[in-house]
Number of protein chains: 2
Amino acid sequence: MPQGRRGAPRAVTIADVAREAGVSRATVSRAINDSDLVTAETKRTVQEAITRTGFVMNARGRALATGRAETVGVLITEPLDELFDDPTYGRVLRGVAEGLLGSGFLPVIIQASSESERALALRSFGRRSVDAVIHLTPYRGSDLLGSLAGAGLPVVLCGQLVDSPYEGIFSTVYSDDVRGARLAAQRVATAGRHQVAAVLGPADNPATGDRLRGYEEVLGARLDPARVVHTRWDSAGGLTTTARLLVAHPGIDAILAGSDRIALGALAALQAAGRRVPEDVAVVGFDDHAIAASASPPLTTIAQPLVEEGRIAAQLALEMINGADPRTEVLDMRLVPRLSA
Amino acid sequence: MPQGRRGAPRAVTIADVAREAGVSRATVSRAINDSDLVTAETKRTVQEAITRTGFVMNARGRALATGRAETVGVLITEPLDELFDDPTYGRVLRGVAEGLLGSGFLPVIIQASSESERALALRSFGRRSVDAVIHLTPYRGSDLLGSLAGAGLPVVLCGQLVDSPYEGIFSTVYSDDVRGARLAAQRVATAGRHQVAAVLGPADNPATGDRLRGYEEVLGARLDPARVVHTRWDSAGGLTTTARLLVAHPGIDAILAGSDRIALGALAALQAAGRRVPEDVAVVGFDDHAIAASASPPLTTIAQPLVEEGRIAAQLALEMINGADPRTEVLDMRLVPRLSA
DNA sequence: CTGTTAGCGCCTTCAC
DNA sequence: GTGAAGGCGCTAACAG
């Protein structure tokens with residue numbers, strides 16, 4: 001019964017239910033919230049009145065009374081259409097949804113790519129439209145983080161921030177890039193490779209530095225700084241950069257790529273140069289992107305536990321909503337061995 | 001000043017501002033909402049008190065008083081990884097955001113791919129957490145639509161529903177698949193193609209039927225029913241299906257594909273069969289997906305005005321929130337001529 | 001133009 | 001266990 005889609009004939013409230021059930025509004029409220037101050041008997045009476053009247057709890061009244069909207073905002077600051085070939089966020093989001101399930105809190109995704117959208121989102125946070133914010137794409141530099149801190153509501157960052165300038169203010173969850181990079185480096189080290197190269201992502205990205213550090217820790221002199229280069233995250237960058245690298249350093253026998261897409265480009269460059277993978281040159285990617293498994297040869301790579309990251313972000317958000325102090329969770333990455341190394 | 005991230009020392013309310021400014025709460029409220037019942041002078045006084053106290057409007061109180069949360073839910077029932085896979089939704093979302101800009105309403109994306117998430121979303125709609133819902137992926141059959149109708153709040157559907165069973169209840173915006181298909185068909189007809197084939201998407205998808213109808217209207221006998229086949233939306237489906245089709249009907253001189261991804265598969269199949277495009281066989285895609293422009297040869301295709309679709313959906317939602325009756329807007333598709341036909 | 005007075009729908013002490 | 005009463009923060013109708 002699509003009752004009154006216009007004119008909204010005045011919604012059913014707990015007062016109506018109370019009248020119908022012959023009890024007070026307080027009792028209805030208690031029954032709804034399953035308080036054990038109410039007889040099972042009374043609860044049933046109320047329940048019947050609810051179905052008879054078609055009562056649905058109004059979230060606004062409840063939010064005002066309880067002080068919580070029972071929603072968690074998931075903030076995405078990158079344009080959605082630019083993320084289309086990056087399943088990362090989808091996975092994290094799935095984790096957030098799972099982590100919130102059963103808590104009574106609903107995740108609402110808030111996209112704020114433009115400056116005006118960001119301002120809108122911030123205003124809405126300040127106004128307490130949501131009880132907490134999970135920020136999927138935190139970046140240093142951005143003044144957004146400062147504004148979020150000023151908004152004075154619980155915030156969880158997905159991703160590591162260099163120097164942790166907001167430690168003690170925001171909760172953080174991230175996968176340890178240094179340790180992930182160590183796994184990649186160990187793979188080529190135990191395979192006896194000695195002339196290792198690194199084709200990293202942009203130098204200003206925090207993950208890049210961490211990954212390089214992990215490589216260096218394990219490989220030492222096997223990773224000559226001359227063979228460490230930076231490029232864009234995509235495969236075109238990996239292709240041209242690797243091609244140049246092979247000319248300058250023909251003896252390279254392993255390539256640690258900053259991302260799977262870069263690795264894909266590297267594979268193409270190696271093939272063009274007539275090198276066999278992994279016989280002549282081993283290649284290790286990063287991310288376990290969908291393209292890694294279907295590359296030829298299938299790409300050995302490092303997987304981040306994205307879904308778990310989201311799940312833990314949700315958990316941290318709920319904790320802070322309940323008054324806990326912010327804290328940081330670091331997750332482990334995992335080597336996914338395939339054929340390329 | 002990251003003031004009190006815990007313990008929330010009691011937020012500043014209009015009462016505090018009123019006291020500070022030496023006016024009544026009502027006046028503060030009016031000043032905030034820029035009512036012209038307030039002197040510019042008084043407004044300034046209030047404004048100063050606001051900055052001095054650091055007041056931020058509480059959305060919950062306002063929502064309860066006004067009866068609107070000033071948010072529009074954007075419902076996505078497909079798994080988000082597909083959202084990020086398919087730029088379609090991203091574009092529509094961008095349009096929604098644009099259409100809502102300046103209205104004071106904030107779009108919140110609600111993902112409901114699993115059954116439990118759907119139930120959660122519906123409950124939240126019933127409770128009036130949002131003022132309207134824009135449903136990006138409506139499908140007949142789904143009982144979700146019935147539940148939405150029962151939730152009794154304004155709903156806008158993005159996409160055509162066969163037989164419009166909810167006409168007069170939901171607003172709808174869609175691009176006319178029939179007319180789009182006619183454009184594709186005319187392209188190959190004027191090019192003098194006589195043995196046209198159609199490699200469509202799944203038969204149970206409403207768009208599929210419409211597109212076929214458009215093709216038939218224009219091509220008549222040139223599109224022999226024997227050369228009309230169905231497959232999945234992706235390129236693998238296009239590849240195998242087209243390959244089979246070419247064996248059964250070697251004389252085919254044009255292929256109308258149900259999507260650009262299907263078209264991409266068709267291109268591969270044609271190349272494998274040694275046919276040149278467009279000399280031997282013309283190919284027209286559908287959607288103007290990003291891959292269309294970079295295909296070889298670049299794909300002639302049909303573009304849906306996705307951003308505008310979103311913008312109009314937002315507009316329809318706002319209209320209905322303000323009491324207007326639901327209505328339907330049909331947008332025009334556009335031929336994007338490239339080299340494949 | 002501004003202040004006073006009621007609510008919006010729910011939850012929560014405080015009595016009984 | 002249940003009811004009565006007050007309040008969450010804001011807006012709106014009614015006086016002045």
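Proteins come first, then strands; the chains are lettered A, B, ... in the order of their sequence lines, and each starts at number 1.
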For R30(A), salt bridge (Lys or Arg N to Asp or Glu O under 4.0 Å) partners two or more places apart: none
- prompt: Whole-Å distance between dT11(D) C1' and R62(B) CZ?
  reply: 9 Å
message: At 4.0 Å (heavy atoms only), tell me whether V28(B) reaches a base, stays on the sugar-phosphate, or touches nothing.
response: nothing
message: From C-beta outward on N58(B), which listed nucleotide comes closest to its side chain: dA13(D), dC10(C), dG9(D)?
response: dG9(D)
field: Distance in angstrom units between R25(A) CZ and dA4(D) P, rounded
entry: 10 Å
query: In terms of the nearest nucleotide of DNA chain C, which residue is placed more toward the 5' end: V38(B) or T66(B)?
result: V38(B)
- prompt: Does the pair D131(A)/R60(B) count as a salt bridge with the N-to-O cut at 4.0 Å?
  reply: yes
message: Closest approach to the side chain of N33(A), judged atom by atom: which nucleotide of dC11(C), dC8(C), dT2(D) is it?
response: dC11(C)
query: Whole-Å distance between dC8(C) C1' and R60(A) CZ?
result: 10 Å
R10(B) CZ - dG7(D) P separation (whole Å): 13 Å
- request: Using heavy atoms to find the nearest nucleotide of DNA chain C for L64(B) and K43(B) separately, return the residue whose nucleotide is more 5′.
  value: K43(B)
field: Side-chain N,O (T27(A)) to OP1/OP2 (dG3(D)) below 4.0 Å
entry: yes
query: Is the closest basic N to carboxylate O distance between E308(B) and R311(B) below 4.0 Å?
result: no
query: Out of dG3(D), dA12(D), dC10(C), which has the shortest distance to the side chain of S24(A)?
result: dG3(D)
- request: To the nearest Å, give me how far apart CG (D36(A)) and P (dT12(C)) are.
  value: 13 Å
message: Pairing donors with acceptors under 3.5 angstrom, does anything connect the side chains of R94(B) and S113(A)?
response: yes
- request: Can you figure out which of dT2(D), dC10(C), dG7(C) approaches the side chain of A65(B) most closely?
  value: dG7(C)
Atom pair distance, as rounded to whole Å: CD1 in I50(B) and C1' in dG9(D): 14 Å
Atom pair distance, as rounded to whole Å: CG in D16(A) and P in dC10(C): 9 Å
query: Is the phosphate of dT12(C), meaning OP1 or OP2, less than 4.0 Å from a side-chain N or O of S29(A)?
result: no
- prompt: Between dT2(D), dG3(C), dC11(C), which nucleotide gets closest to the side-chain atoms of M57(A)?
  reply: dC11(C)
query: Separation of I14(B) atom CD1 from dG3(C) atom C1', in whole Å?
result: 13 Å
message: Once hydrogens and angles are ignored, does a donor-acceptor distance under 3.5 Å link the base of dG3(D) to the side chain of R30(A)?
response: yes
field: Among V156(A), L316(A), V173(A), side-chain contact (heavy atoms from CB on, under 4.5 Å) partner for R327(A)
entry: L316(A)
